[in-house]
Amino acid sequence: MATHETSTLYMTQGSGNSFKPALVASQLGLNLNVRFLNVLAGESRTPEFLSINPQGQLPYLVLNNDLSIGESNAIAWYLAEGTTLMPDTALARAQAVQWMNYEQTKLEANISPVRFFTYIVPELQSEHEDMIPVWRERGNQGLGLLNNYLGSNDFITDYGYSVADIAVYGYTHLAEEGGFDFNEYQNIVKWMDRVQNQQGYKTIAELLTGENIQAAA
Ligand SMILES: N[C@@H](CCC(=O)N[C@@H](CS)C(=O)NCC(=O)O)C(=O)O
C-alpha cells in the first residue's frame, strides 16, 4: 500500500465530497495530514489556495512529491488503489467508474446545491427559488434509478463493498438534508445501512472535525 503520511488532504467541513476520501482513509487506516478550509469565508478562493489548486475546489490532495489530485472521486480512487476497496475485476472496476460518473452527474450535481441552499445557507435560498424544484426533480430521478438498481444489487459493483459505494454514498446519505424523502427509497436505506456497518465506518461529523484523520480502530 502506498504511504500517505506526508500527503495533505484539503477539505471543507460538512461536505459530502470531502467526506468521500476521508471515509476511504478512515476505513483503510491511512494517516493523512488534513487542512480544512472554510468555503463560506472564501478560503477556497484565496491566492494562496488557488496557487495550490487553480480550480479553487475541495477536496484536493497534495502528494509528498508535490503532485496533486482534484475531484473527490479521483482522490478516493487513488487512495483505494491496491486495497480491498478497489474492485478486483475489469468488469467491476468499469461498474465503479460508471456509477461514480453517475454520482457526479445525476446525484451530487442535484442533491448538493439543494442541500447547500436550503440547509447550509438557507439565507441564500431566495436567490435560487427557480432552480430548487429543478434540482429536486432531477435528484429524485437520480435517486429513483439508484434505488431500483439496489433492489437487486447489495453493493454498487459485483465485487462487493468498494470505493464506488463510498463515492455514491457521499451525497446520497445527505439527501434528506436537502428535503429528499427516503421513504420513497427503501433499497437505498437498506444499502446505506450496509455501508454504515462496514469496518472503520465513521460519520461525516466524526471525520470532518478539523482534526487529522486517525487510523481506523
Ligand atoms: N466535482 C468536484 C466538486 C467539488 C466541489 O464542488 N467542492 C465544493 C465544496 S463541496 C467547493 O470546494 N466549493 C468552494 C468553491 O468552489 O470555492 C468533486 O467531486 O470534488
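In listed order, ligands and their atoms are each counted from 1.
- Defined by atom type and a distance below 3.5 Å, a donor-acceptor pair is present between the side-chain atoms of Asn140 and Tyr185.
- The protein non-hydrogen atom at the shortest distance from atom 10 (S) of ligand 1 is Ser15 OG, 3.3 Å.
- For atom 6 (O) of ligand 1, the nearest protein heavy atom (residue, atom name, distance) is Gln57 NE2, 3.4 Å.
- With no hydrogens or angles considered, no side-chain donor-acceptor pair links Tyr60 and Gln55 at under 3.5 Å.
- Nearest residue to atom 16 (O) of ligand 1 from Glu108, Gln104, Arg45 is Arg45 (criterion: closest heavy atom).
- Using a non-hydrogen distance threshold of 4.0 Å, Asn17 registers as a contact of ligand 1.
- For the pair Lys106/Leu145, no side-chain contact is recorded, criterion being any heavy-atom separation below 4.5 Å from C-beta on.
- Side-chain contact between Arg93 and Trp77 is present, with heavy atoms from C-beta onward closer than 4.5 Å.
- Within the 4.5 Å cutoff, the side chain of Glu43 has no heavy atoms near those of the Phe49 side chain.
- Of the N or O atoms in Gly56, one or more lie within a sub-3.5 Å distance of an N or O in ligand 1.
- Using a 4.0 Å cut-off between heavy atoms, Phe19 makes no contact with ligand 1 at all.
- Here the heavy atom of the protein found nearest to atom 5 (C) of ligand 1 is Leu58 O, 3.5 Å.
- The shortest distance between side-chain heavy atoms of Phe116 and His128 does not fall below 4.5 Å.
- Of the protein's non-hydrogen atoms, Glu71 OE1, 3.1 Å is the one closest to atom 2 (C) of ligand 1.
- At least one N or O atom of Ser72, backbone or side chain, sits closer than 3.5 Å to an N or O atom of ligand 1.
- Between the side chain of Asn147 and the backbone N or O of Asn187 there is at least one donor-acceptor pair closer than 3.5 Å.
- You'll find the side chain of Leu174 stays beyond 4.5 Å of the side chain of Tyr119, heavy atoms only.
- Close approach of ligand 1 to Pro59 is summarised as follows: ligand atoms under 4.0 Å from at least one heavy atom of the residue are 20 (O).
- Residue Tyr171 has no nitrogen or oxygen atom sitting less than 3.5 Å from a nitrogen or oxygen atom of ligand 1, judged on distance alone.
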